[in-house]
Amino acid sequence: MQTKPPQPQLILFDYGETLLRESPLNLGRAYQALLPYISSNPCQLTAPELAAADQQLYDDFIRSRGDTLEFQERVLLRLLFERLDIRLSITLLQAEQILWESGAPARPTPGINALLAQLRQMGISSGVISNLPWSGCLLEARLQKSLPEHAFDFVITSSEYGVRKPSPLLFELALHKAKRPPQGNWFCGDNVIADIEGADKAGLTPVWYDPWPDTGSDRKRQPRCPHLHIKDWAALSACLSD
């Protein structure tokens with residue numbers, strides 16, 4: 001659906017593949033970066049062995065989590081390191097940051113800086129809601145580093161609240177923080193179920209950011225709700241300018 005909704009006072013964004021595009025997580029590289037901060041490793045585990053243990057535990061967490069609950073990466077790391085009698089010379093939060101920054105570096109999606117500049121010029125508020133096990137303060141730091149000219153009003157990660165999109169709870173929390181009703185405000189994301197259908201159920205106007213090429217009969221499922229469909233941020237910028 002491409003009918004333009006009313007001009008928003010607030011636009012909320014997903015994080016991964018929407019604001020920033022992450023490299024696939026490379027746990028081997030991540031643990032290689034963490035090795036200098038391991039002060040006790042009685043089993044003399046290598047970076048690949050630590051990565052394999054982390055992956056196995058992560059898979060167990062995911063199977064137990066379900067679709068709408070979230071866990072904190074620091075909880076996984078605490079369990080992993082204590083089981084292996086590993087001690088660190090840094091905090092778990094610092095270890096989490098090293099693993100994420102080294103294992104999955106990110107870069108802005110094409111055109112997002114120009115769009116965010118337009119929002120600032122137009123006085124449109126902005127916030128972030130992300131399904132993410134990494135800590136919220138680390139996402140804030142990553143956004144500040146990658147998009148230094150823009151300050152989001154708030155950043156919400158599922159890891160801090162134990163619940164994931166498409167649950168309406170995170171959308172409702174964001175609207176409460178912004179002191180806005182859902183009607184007339186937008187949510188931009190790339191995930192059909194979590195972002196687009198989730199935002200619609202919360203009363204927001206969904207904007208499907210879909211930069212990927214169409215694949216004919218194998219094309220990804222279309223959202224089952226009214227939405228704006230854009231292939232790049234220039235299209236959203238033009239929509240705001242009309």
Side-chain angles (χ1 to χ4, degrees), residues 5 8-22 25 58 61-76 93 96-97 100 104 106 109 112 115-116 119 124-144 146-147 150-210 220-221 223-230 236:
Q9 294 181 311
L10 167 70
I11 298 182
L12 299 169
F13 293 88
D14 172 50
Y15 156 67
E17 303 303 322
T18 301
L19 290 171
L20 302 184
R21 187 165 295 164
E22 285 191 1
L25 180 62
Y58 176 82
F61 269 53
I62 291 297
R63 282 192 291 269
S64 302
R65 179 187 72 186
D67 293 332
T68 58
L69 299 180
E70 187 62 276
F71 68 89
Q72 287 189 320
E73 182 68 21
R74 272 178 290 169
V75 172
L76 182 150
L93 181 61
E96 181 185 351
Q97 184 174 29
W100 191 23
T109 53
I112 189 62
L115 176 68
L116 295 175
L119 299 191
I124 297 175
S125 301
S126 61
V128 180
I129 310 176
S130 176
N131 282 352
L132 199 68
W134 307 102
S135 297
C137 62
L138 298 185
L139 177 57
E140 290 187 47
R142 174 168 281 210
L143 290 170
Q144 289 168 3
S146 301
L147 304 169
H150 191 77
F152 292 97
D153 292 85
F154 53 83
V155 175
I156 293 173
T157 60
S158 55
S159 63
E160 303 294 344
Y161 298 96
V163 66
R164 294 168 56 83
K165 301 173 293 185
S167 168
L169 292 173
L170 294 183
F171 296 104
E172 291 168 0
L173 175 63
L175 292 166
H176 177 74
K177 285 179 176 291
K179 297 180 171 57
R180 303 282 187 190
Q183 294 77 19
N185 294 301
W186 300 3
F187 183 89
C188 302
D190 69 299
N191 186 287
V192 167
I193 296 173
D195 296 329
I196 306 312
E197 294 177 358
D200 177 70
K201 289 177 182 177
L204 289 150
T205 297
V207 179
W208 184 21
Y209 174 65
D210 173 33
K220 55 191 129 2
R221 178 169 77 78
R224 295 169 180 165
C225 62
H227 64 281
L228 289 175
H229 186 186
I230 60 170
L236 186 59

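When reading the values below, keep in mind they use all heavy atoms of this one structure, side chains included, and skip hydrogens, waters and symmetry mates.
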Side-chain donor or acceptor of [X] paired with backbone N/O of [Y] under 3.5 Å:
X    : Y    : result
D14  : S130 : no
N185 : L10  : yes
E160 : G136 : yes
T109 : L19  : yes
E17  : D190 : no

Aromatic ring pairing W134/W100, orientation class (parallel under 30°, perpendicular over 60°, tilted between) =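 Taking W100 first and then W134, their aromatic rings lie parallel (interplane angle under 30°).
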task = Take the angle between the ring planes of W208 and H229 and call it parallel below 30°, perpendicular above 60°, tilted in between.
result =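 Parallel, since the angle between the ring planes stays under 30°.
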Check [X] against [Y] and note the closest heavy-atom contact, atom names and distance.
X    : Y    : answer
N191 : A194 : OD1-N, 2.7 Å
A104 : L25  : CB-CD1, 4.0 Å
A174 : F154 : O-CZ, 3.4 Å
S135 : E96  : N-OE2, 2.6 Å
C225 : P206 : SG-CG, 4.3 Å
P133 : E70  : N-OE2, 4.0 Å

Straight-line distance of L119 CG to I11 CD1, nearest 0.5 Å =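 Reported value, rounded in 0.5 Å steps: 5.0 Å.
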ask   = Distance from D210 atom CG to I196 atom CD1, nearest 0.5 Å?
value =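 D210 CG to I196 CD1: 9.5 Å, rounded to 0.5 Å.
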task = Check whether any side-chain heavy atom of L138 lies under 4.5 Å from a side-chain heavy atom of E73, and answer yes or no.
result =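 No; the side chains remain at least 4.5 Å from each other.
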ask   = Does any pair with a residue in residues 193-203 pass salt bridge (charged side-chain N to carboxylate O under 4.0 Å, His left out), and if so which ones, sequence neighbours excluded?
value =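 Every salt bridge (charged side-chain N to carboxylate O under 4.0 Å, His left out) pair that includes a residue of residues 193-203, provided the two are not neighbours, is K165-D195, E197-R221.
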ask   = Got a sec, which residues hit side-chain hydrogen bond (donor to acceptor under 3.5 Å, both in side chains) with T157, two or more places apart in sequence or on another chain?
value =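 With sequence neighbours excluded, T157 shows a side-chain hydrogen bond (donor to acceptor under 3.5 Å, both in side chains) to S159, given in chain and number order.
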query = More than 12 foreign heavy atoms under 6.0 Å from CZ of R224: is that the case here?
reply =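 No, the 6.0 Å shell around CZ holds no more than 12 heavy atoms from other groups.
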query = Is there a side chain to side chain contact (heavy atoms under 4.5 Å, CB included) between L236 and Y209 once you walk through the steps?
reply = CA-CA 9 Å; L236 186 59; Y209 174 65; over 6 Å; no
